[in-house]
2 protein chains.
Amino acid sequence: MLIRKGLSEMKRVTMADVAEKANVSKSTVSQYLNNRFDYMSKQTRDRIKIAIEELGYQPNFVARSLKQKSTSTIGVIVANILHTFSTQVLRAIEDYFNEHGFHAIVCNSYNDPVKELRYLEMLRAKQVDGLIVVPTGGNLDVYQRMIDEQFPLVFMDRIVEELRVDSILLDNEAASFIAVQHLKEKGYYRLGILTSSLKGNITPRIERVKSFRKALQMFNLPIYEDFIQGYEQNEYQFRLKELLSLPQPPEALLAGNDFSLMEILQFVKDHRIVIPEQLAVISVDEVSFADIYSPGLTTINQPTFEMGTQAAEMLWKKIKKEHNQSTNIIHRFKPELVVRDSC
Amino acid sequence: MLIRKGLSEMKRVTMADVAEKANVSKSTVSQYLNNRFDYMSKQTRDRIKIAIEELGYQPNFVARSLKQKSTSTIGVIVANILHTFSTQVLRAIEDYFNEHGFHAIVCNSYNDPVKELRYLEMLRAKQVDGLIVVPTGGNLDVYQRMIDEQFPLVFMDRIVEELRVDSILLDNEAASFIAVQHLKEKGYYRLGILTSSLKGNITPRIERVKSFRKALQMFNLPIYEDFIQGYEQNEYQFRLKELLSLPQPPEALLAGNDFSLMEILQFVKDHRIVIPEQLAVISVDEVSFADIYSPGLTTINQPTFEMGTQAAEMLWKKIKKEHNQSTNIIHRFKPELVVRDSC
DNA sequence: CTGAAAGCGCTAACAA
DNA sequence: TTGTTAGCGCTTTCAG
């Protein structure tokens with residue numbers, strides 16, 4: 001892999017070195033490396049093989065990328081890799097692209113459009129072949145330019161109304177409907193949904209809240225606006241206290257995401273509330289401990305792997321030009337109800 | 001960003017286009033982009049600025065990488081991104097490198113040396129500037145060559161005896177000692193440790209089991225070999241059944257990792273065992289639900305962020321040649337006991 | 001203060 | 001069947 005020169009001078013082995021050693025030209029070596037054996041004599045092939053092994057030659061993909069205008073690398077920008085949703089989706093994307101010899105550069109925007117912009121620019125400068133992103137909602141102009149250029153792009157989890165981009169989302173309406181239907185069947189009457197901050201227009205939160213209301217109507221249940229809330233991180237505990245101290249508190253709560261579920265469970269524990277007798281609980285997003293918690297937690301699961309795989313496949317087709325770039329299909333995935341004992 | 005040619009021909013804007021438009025040479029544009037303004041007249045600077053904006057020029061990092069032999073990209077190979085440990089470490093690495101304008105390509109080896117090898121080769125071919133890896137234990141020759149070449153490399157979580165590589169690990173001995181000490185103080189006498197398969201020589205598992213025995217000796221507690229086990233994934237439940245059906249079952253169990261903890265809690269739930277009265281539980285690795293579980297789970301936490309940051313910093317110094325490449329310091333991080341109610 | 005020219009390592013016509 | 005040649009887009013001496 002390295003050629004020793006003089007005492008300690010090192011130099012990377014290049015294709016030229018291989019060519020020289022094998023007594024052929026660079027282009028022949030290039031042919032060899034790209035498996036174009038069609039017109040190559042067994043002899044030269046062997047000579048090249050030996051030369052490569054003896055020198056420990058390893059191709060320089062960067063040079064190849066420059067020439068071919070393709071890096072076999074994609075970029076993925078998620079909000080925060082610490083969220084289960086992100087990791088599972090990432091795993092699926094990873095697995096898919098690795099099958100095709102591609103790699104992924106992973107970035108966290110932390111929901112900050114400024115960070116997002118920096119990543120977008122660097123990733124494009126690094127010539128990634130495509131991008132899968134959970135968009136913050138900012139940087140419309142940058143995305144629009146990408147769309148105009150037909151740059152392969154797929155959004156996940158969120159919709160940006162102004163942009164025509166194919167997007168992968170949960171069918172959030174179905175999630176809310178399933179929850180309400182299940183709760184009604186179980187005999188609960190005063191239902192609520194609690195999720196993270198509604199500021200910032202995060203699609204899944206907005207959609208779940210909105211369609212929760214719609215579902216209540218549809219199932220002829222009363223709508224208590226107090227029970228339909230997006231809380232800031234630090235207000236959950238005292239707001240829950242208020243909520244459950246009401247003369248007519250909610251009988252059942254839908255946690256709009258795993259974070260909200262944790263907060264609810266924290267409150268339940270601190271106040272020795274019995275689930276489901278005193279408060280029924282159901283949540284969107286599976287959590288690792290749904291099974292082992294007592295009582296088992298009824299959850300509405302997102303098919304995260306399928307969603308990640310689908311995003312990857314769509315991007316792949318765009319990269320390979322097998323797919324029209326400028327569609328904006330919203331792919332909705334059905335959530336799945338897993339009934340346990342919390343409602 | 002694109003120049004329209006004829007009817008629909010598109011062409012990426014290059015430095016040459018900017019140079020032409022601004023009436024300067026490519027090298028001047030290059031100077032500009034690299035902030036070498038020292039000897040540049042205000043005029044040319046402005047002209048270049050305008051030309052860049054009007055053309056929507058974006059530098060091609062690949063070309064730059066080829067010339068400079070540095071990609072500002074590192075590779076990270078973890079066993080499985082779905083593990084909490086991996087995500088947290090990854091986050092820390094990400095954050096650190098982004099501060100320095102670097103990006104990370106993330107790969108999952110799934111503990112498979114063959115996959116690991118493929119990744120190593122591709123990442124090197126893509127000319128990453130350094131590598132952080134949780135090694136499978138295979139591919140010794142490849143790593144040895146990297147070491148010989150002084151390629152920036154840091155290991156995490158596992159030691160490969162045969163290789164001189166700087167490594168970041170938990171002080172596993174301390175973890176076992178803390179557990180045994182705490183359990184003894186709480187009055188438990190018959191102690192056990194359960195962890196994942198001991199085949200495959202995975203450092204943390206081996207070390208935790210080994211030092212658990214040592215700790216028992218040190219604290220004058222009896223050693224029951226039956227209670228010191230590495231189970232395969234599918235045998236936990238029936239082995240636990242055997243274990244807890246013994247005339248003298250363990251009074252307390254240390255879960256060697258989060259996976260083992262889940263299995264224990266599953267068993268506990270299925271058999272209505274009361275923690276800590278019938279069985280005390282403590283675990284290495286924090287889990288998200290330690291607080292909200294009833295009873296709260298006493299855990300021995302790894303400082304994952306610090307570990308990730310340290311790995312990143314070490315790699316950074318090696319990349320920047322501020323650090324000797326060929327040391328093999330094992331950095332041990334102290335775990336932290338968080339007492340809750342499960343023992 | 002700016003430009004000319006060589007070259008990073010590889011690919012791909014086109015020749016031979 | 002193999003070699004020659006001309007770049008890919010950028011950086012970097014070295015001249016001017």
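Since the model is a prediction, treat every value here as computed from it, not as a measurement. Here is the naming used below: chain letters follow the sequence lines, and residue numbers restart at 1 for every chain.
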Any donor-acceptor pair under 3.5 Å from A/Thr136 side chain to A/Asn111 backbone: no

Phosphate OP1/OP2 of D/dC10 contacted by B/Tyr57 side-chain N/O (<4.0 Å): yes

For B/His100, all residues meeting ring pair (Phe, Tyr, Trp, His ring centres under 6.0 Å), sequence neighbours excluded: B/Tyr96, B/Trp316

Between P of D/dC10 and CD of B/Gln58, the distance in whole Å: 11 Å

Spacing between A/Ile48 atom CD1 and C/dC10 atom P, to the nearest angstrom: 13 Å

Spacing of A/Asp17 atom CG relative to C/dC10 atom C1', expressed in whole Å: 13 Å

Salt bridge (charged side-chain N to carboxylate O under 4.0 Å, His left out) contacts touching residues 21-32 of chain B (sequence neighbours left out): B/Lys21-B/Glu54

Distance in angstrom units between A/Gln127 CD and D/dG9 C1', rounded: 9 Å

Distance in angstrom units between A/Phe61 CZ and D/dC8 C1', rounded: 15 Å

Parallel, tilted or perpendicular: ring planes of B/Phe97 versus B/Phe102, cut at 30 and 60 degrees: tilted

Along DNA chain C (nearest heavy atom to each residue), the more 5'-positioned of B/Leu66 and B/Ser25: B/Ser25

Nucleic acid footprint by protein, nucleotides 11-16 of chain C - heavy-atom cut-off 4.0 Å, B for base, S for sugar-phosphate alone: BB----

Check against salt bridge (charged side-chain N to carboxylate O under 4.0 Å, His left out), B/Arg145 and B/Asp141: CA-CA 6 Å; B/Arg145 214 167 55 210; B/Asp141 50 337; 6.0 Å; no

Any A/Lys69 side-chain N or O less than 4.0 Å from OP1/OP2 of D/dG9: yes

Spacing of A/Glu20 atom CD relative to D/dT4 atom P, expressed in whole Å: 13 Å

Stacked cation flag A/Lys126 on B/Phe61, 6.0 angstrom / 45 deg: yes

Sugar-phosphate only, base, or nothing, as touched by A/Ser65 at under 4.0 Å among non-hydrogen atoms: nothing

